[in-house]
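Everything on this sheet refers to the single structure shown next.
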Amino acid sequence: MPVYDPRALEAKWQEYWERHKTFSAEDKSSKPKLYVLDMFPYPSGEGLHVGHPEGYSATDMYCRFQRMRGYNVLHPMGYDAFGLPAEQYAIETGTHPQVTTERNIANIRRQIKQLGFSYDWDREFATTDPDYVRWTQWIFLLLFDTWFDSEFEWVDPAGRKRKGKGRPISELPIPQSIRSQGEAALRLYQDSFRLAYQAESPVNWCPALGTVLADEEVIDGRSERGNHPVQRIPLRQWMLRITVYADRLLEDLDILDWPEPIKEMQRNWVGRSEGAEVDFFIGESASFDSWISSRKKSGFPEEPGPEAIRVYTTRPDTLFGATYMVLAPEHPQVDRLTTDEHRAEVDDYRQRVARTSEEDRIAGRGEKSGMFTGGYATNPVNGERIPVWIADYVLISYGTGAIMAVPGHDQRDLEFARKFRIPVRAVVAPAAEWLERMQPGLNVETYARVIAELPEAFAGDGLGMQSSNAEVSLDGIPTTQAKGRITSWLLKSGIGRGAVKYKLRDWLFSRQRYWGEPIPILHELDPDGKPSGLTRAVGLDELPVLLPEMEDFKPTGRPDGPLGKATEWIRVRRDGRDFARETNTMPQWAGSCWYYLRFCDPRNEKEPWSPEKERYWMPVDLYVGGAEHAVLHLLYSRFWHKVLFDRGYVSTMEPFQKLVNQGMILSVTYRTSEGRIVPYRQIRFEEGKAFHAETDEELAGETEKMSKSRGNVIPVDVPIERYGSDTTRLYEMFMGPLESTKPWSMQGVEGISRFLNRAWRMIVDESADALQLNPKVVKGADPTEEQNRVLHKTIKAVTQDMETLSFNTAISRLMEFVNYFTGQDSRPLSCMNSFVLMLAPMAPHICEELWQILGHSESLTYESWPVFDPKYVEESTVELPVQINGKVRGRITVPANAGQEDVKQAALADSKVQRYIEGASIRKVIVVPRKLVNIVVG
RNA sequence: GCGAAAGUGGCGGAAUUGGCAGACGCGCUGGACUUAGGAUCCAGUCCCGCAAGGGGUGGGGGUUCAACUCCCCCCUUUCGCACCA
């Protein structure tokens, strides 16, 4: 009985494809290229659940479709295999992360292969492969060898004029003053410009665990494991200077075919803002005038000097309303400003802030806290002395770490000023509606008097007021112009200038971990074994720097990470000097930052990739993955890509031309009436309801994100075992649009399985003993007109749907096709051929088998995609609804090419229509050709 | 709080430019075949109503001959960011 048997047939074809290397991509071809990439998986111990292959299914269908349309397709797969879980497992069990990783990869490879995806498996690699690590480290050294010349002007491949480019460090101009200080000074100077540089940055240090924790491992200032206290301590770390690429990252979003929300998230993440920097004098008030006049002569200096504090503001037009100033608690000038009588409380406050974690600080954000330093600054626009405070609502890492506070026009400043009874001044007049909304009857005159009592600060645009000195006045001037006017006055006076700031921070690239790529840097040691502060890159010929073999992955108790224990590995001697290896490793992002490039040329031993292959394959034409990577992975990759572009290693400005985010797949969590989670194994499904297998209690189901803790994870093996891979793949897509979040339903899978069985029976004779064509499939028979119409309409619709990744509707169309042809007693072979080709990208195994049964000997992978003939799609007559006042009242059948007047007459003549228009006067008749007729009566 | 996306039958969802709301599938109901059905086939299934008819795409308003679709206000859900001066 040749019934549809997915298990046997899927294994057969997977073996066939593997043996014939059916999907290997040609690096040279006369065909147009298409590079389709999935975000590669982290090989976790749990393996894949049904959510993972959603994107993979979509890209695979698209690739198979485009192969049939004549494209040379690159579709690779690999593993993002460094990362914390394997290391954590090693700490707990002593199993080397390498072992765990290999085991997990083997499992995930098995799962992926089971689904019959058309990857070019000859290009497979893991980021942990020494061969790959070598080139990841090579790129790090390229970053180390690059500085950003913000003045460099060039023309991009699109012909646009651009400013700012990464250049070799050897081309960095060295000021004579540095050169004269000798070799060490020169090297330190260069180091301060490199895209990879070292800096002190706070880490979450947990003394009890003796290790550094990631932000997500810290909860309420305590470790997630063990609930031990965590403190923020500064540590020397490697940083990547992504901020210098902020404008490039922003501007080039325009050329990308990405979902607008993702672009928007990236823009917000970069967070560009325009404003001004202003210096506030903090010296003796008697010398303010001389400071002002000296500034007038010198102009605005690069550094504010010890006599001033520099603030950044987006609202320089409100300078006259600054009634106090706030420094971040970590600001270097705090000590100098603090008077003796305030020192104790200020120090205490600073320590308290240092102890609170980032998360706690954000959590306690509602209530403002701060401390007066006792010091004063002078507002340069009006010579007013204003108190200087410190407060944790000012961040040291943004802007200049200091603000001028304008409580009249900034909500945060207003809250702070209220709490500490600092005066509030109105310097921007709001529109009348705003005033009315704040307090009925309020006008601009009274506004200035009651401003401190209003529920909100007015932060919008308005007209300047109470804002003038002897040289400049903003009174009556709209905000936008006022900003310009005051900024040019500040510049002329040497106390300020226009400035651009970003929320984006430099990328903290160090991890105090074992299971990551070692950072290939050597620290020079002086004769008594202490670091001299000078570094050098590991020679390119020495790459890769591999991890030392270790048996004990337990924390060292020191913040420098597990590699600190590998004392032999650390010590190296080069050119007669002693060096210590860097013991920090790279973050997991590193490997995934450039894997798409390695796929172009994965076995190259001499270079990361060959320039010809890069030029042939790049950019990635379609990149599919989860929206959880909307910001970081995609931003980091783009950054690396731009550096590689600037240094001439890649030919495109952007790596991923088109991006699609697949939606999350949800699952149903079942709970008892007491809210206890019931795992799937203990549930009996009956009549569409769920019952506890033991207690028979009916369970309430709720659609939620799949997670281990909810016990609702559906491993991908479950549907594959029960229904086969084709059904699983098809259902992944049939659930709904690729981009939307949608719930997995085992019953829904059943429906797809039925469809494939019907398709099988449409072509195969199940009652025969041998595998043979259904007798209703007729060779050489010409399709009837109706059959042709159904076939060609299906081809047209499915083709369109495949192009736009609308697989859910493509599947619906094919279902309709099967429903129709199952009812046909003569099924022309040609129609069946076309059907199998159309279904093949989505359900390749069953289609290869059907293709064979239909009499073909080769794989259908490279068969031509069916083309529809417009003459069959056109119908000779059309049925039009006739509406009376917008309601459908009748139907008429007219020739498809009937003229408007004929259609109108036919509609008016229709007997049902007549009933409604009898006695009424016809105001208007609207005929929409091939759509409908609407008769307006009144 | 800010930003974005989305609200359509019992459920997943479909619907070029505004033009027959509910394709396709699940579930459900009835029937056929059958020792049996969780196989298969046939019919039905937005709501109210026996019917004629009426109502209906989160709610309210508007534009239009015509609104799921466009405009305004509101509600709900999801996601992202979160003291960024």
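Chain letters run A, B, ... following the sequence lines, proteins first and then strands; every chain starts at 1. Atoms considered below: every heavy atom in the structure, side chains included; atoms not considered: hydrogens, waters and symmetry mates. Just so it is clear, the model here is predicted, and its values are computed rather than measured.
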Count the heavy atoms belonging to other residues, nucleotides or ligands that lie under 6.0 Å from CZ of A:R267, then report whether that count exceeds 12. yes

Give a yes or no answer on whether the side chain of A:K931 reaches the backbone of A:V927 with a donor-acceptor pair at less than 3.5 Å. no

B:A4 OP1/OP2 closer than 4.0 Å to side-chain N/O of A:R267: no

Does A:R310, at its CZ atom, have more than 12 non-hydrogen atoms belonging to other residues, nucleotides or ligands within less than 6.0 Å? yes

If you look at every strand shown and take non-hydrogen atoms under 4.0 Å, does A:S397 touch a base, only sugar-phosphate, or nothing? nothing

Side chains of A:E879 and A:T893: donor-acceptor distance under 3.5 Å anywhere? no

Categorize A:N808 for me: base, sugar-phosphate, or nothing, with a 4.0 angstrom heavy-atom threshold over every strand shown. sugar-phosphate

On the nucleotide B:G25, are OP1 or OP2 found under 4.0 Å from the side-chain N or O atoms that A:N819 carries? yes

Between A:Y349 and A:D392, is there a donor-acceptor pair closer than 3.5 Å when you use the side chain of the first and the backbone of the second? yes

Please work out if A:R889 contacts a base, only the sugar-phosphate, or nothing of the nucleic acid, heavy-atom cut-off 4.0 Å. sugar-phosphate

Please indicate whether A:R505 has more than 12 foreign heavy atoms, meaning atoms of other residues, nucleotides or ligands, lying under 6.0 Å from its CZ. yes

Between B:G19 and B:C71, how far apart are the two P atoms, rounded to whole Å? 15 Å

Any strand counts, and the cut-off is 3.5 Å on both contacts for Watson-Crick or G-U wobble. Which nucleotide pairs with B:U78? B:A4

Out of B:G13, B:C24, B:C41, whichever nucleotide has its closest atom nearest the side chain of A:K742: B:G13

What's A:S745 touching, base or sugar-phosphate or nothing? Going by heavy atoms closer than 4.0 Å. nothing

What about A:K931: does its side chain form a donor-acceptor pair under 3.5 Å with the base of B:C20? no

Main chain of A:M842, side chain of A:R729: is a donor-acceptor contact present, judged purely on distance under 3.5 Å? yes

Under-4.0 Å side-chain N/O to phosphate OP1/OP2 contact, A:R761 with B:C41: yes

Is there a side-chain contact between A:R754 and the phosphate of B:A39, meaning an N or O under 4.0 Å from OP1 or OP2? yes

Remember a base hit wins even if backbone is also touched, and classify A:V936 as base, sugar-phosphate or nothing at under 4.0 Å, heavy atoms. sugar-phosphate

Does B:A85 pair with anything, Watson-Crick or G-U wobble, both distances under 3.5 Å, and if so, with which nucleotide? none

For B:C24, which nucleotide in any strand shown is its Watson-Crick or wobble partner with both distances under 3.5 Å? B:G12

Please state the C1' separation for the pair B:G10 and B:G59 - nearest whole angstrom. 22 Å

Donor-acceptor pair under 3.5 Å: do we get one between A:R891's side chain and the base of B:C20? yes

Quick check on B:C65: is either OP1 or OP2 less than 4.0 Å from any side-chain nitrogen or oxygen of A:K924? yes

Between B:G55 and B:C68, how far is it from one P atom to the other, in whole Å? 14 Å

Glycosidic class, syn or anti, of B:G80 using a 90° window around 0: anti

A:S740 or A:K796: which one's nearest nucleotide on RNA chain B is closer to the 5' end? A:S740

Answer for the Watson-Crick or wobble partner of B:A36, both distances under 3.5 Å, is none

In the strands shown, is B:U64 matched to any nucleotide by a Watson-Crick or G-U wobble pair with both distances under 3.5 Å, and which? none

Once you round it to whole Å, what is the distance between P of B:A6 and CD of A:E260? 13 Å

Looking at every strand, decide which applies to A:R923 at a 4.0 Å heavy-atom threshold: base, sugar-phosphate, or nothing. nothing

Can you check the A:K793 NZ to B:U16 C1' distance for me, whole Å? 15 Å

Integer angstrom distance from the C1' of B:A5 to that of B:G58: 16 Å

Provide the distance between the two C1' atoms, one in B:C83 and one in B:G7, to the nearest whole Å. 33 Å

In whole Å, what is the span from the CG atom of A:D392 to the P atom of B:C83? 10 Å

Within this structure, what is the OH-to-C1' distance between A:Y820 and B:A23, rounded to whole angstrom? 18 Å

For B:A4 and A:N268 - does any side-chain N or O of the residue sit under 4.0 Å from the phosphate oxygens OP1/OP2? no

Would you mind pulling out the nucleotide paired to B:G56, Watson-Crick or G-U wobble, both distances under 3.5 Å? none

Report the distance from atom CZ of A:F817 to atom P of B:A23, rounded to the nearest whole Å. 21 Å

For atom P, what is the distance between B:G22 and B:C46, given to the nearest Å? 9 Å

Phosphate oxygens OP1/OP2 of B:A85: is one of them under 4.0 Å from a side-chain N or O of A:S273? yes

Ranking B:A85, B:C26, B:C81 by distance to the side chain of A:W269, first place goes to B:C81

Quantified in whole Å, what is the P atom distance between nucleotide B:C26 and nucleotide B:C42? 12 Å

Write down the partner of B:C41 under the Watson-Crick or G-U wobble criteria, each distance required to be under 3.5 Å. B:G31

Roughly how many Å apart are B:A43 and B:C48, using the P atom of each and rounding to a whole number? 24 Å

Would you say the side chains of A:E750 and A:Y723 form a donor-acceptor pair under 3.5 Å? yes

How many whole angstroms separate atom CG of A:N661 from atom P of B:A6? 14 Å

Nearest-nucleotide wise, let me know which of A:K887 and A:E879 is further upstream toward the 5' end of RNA chain B. A:E879

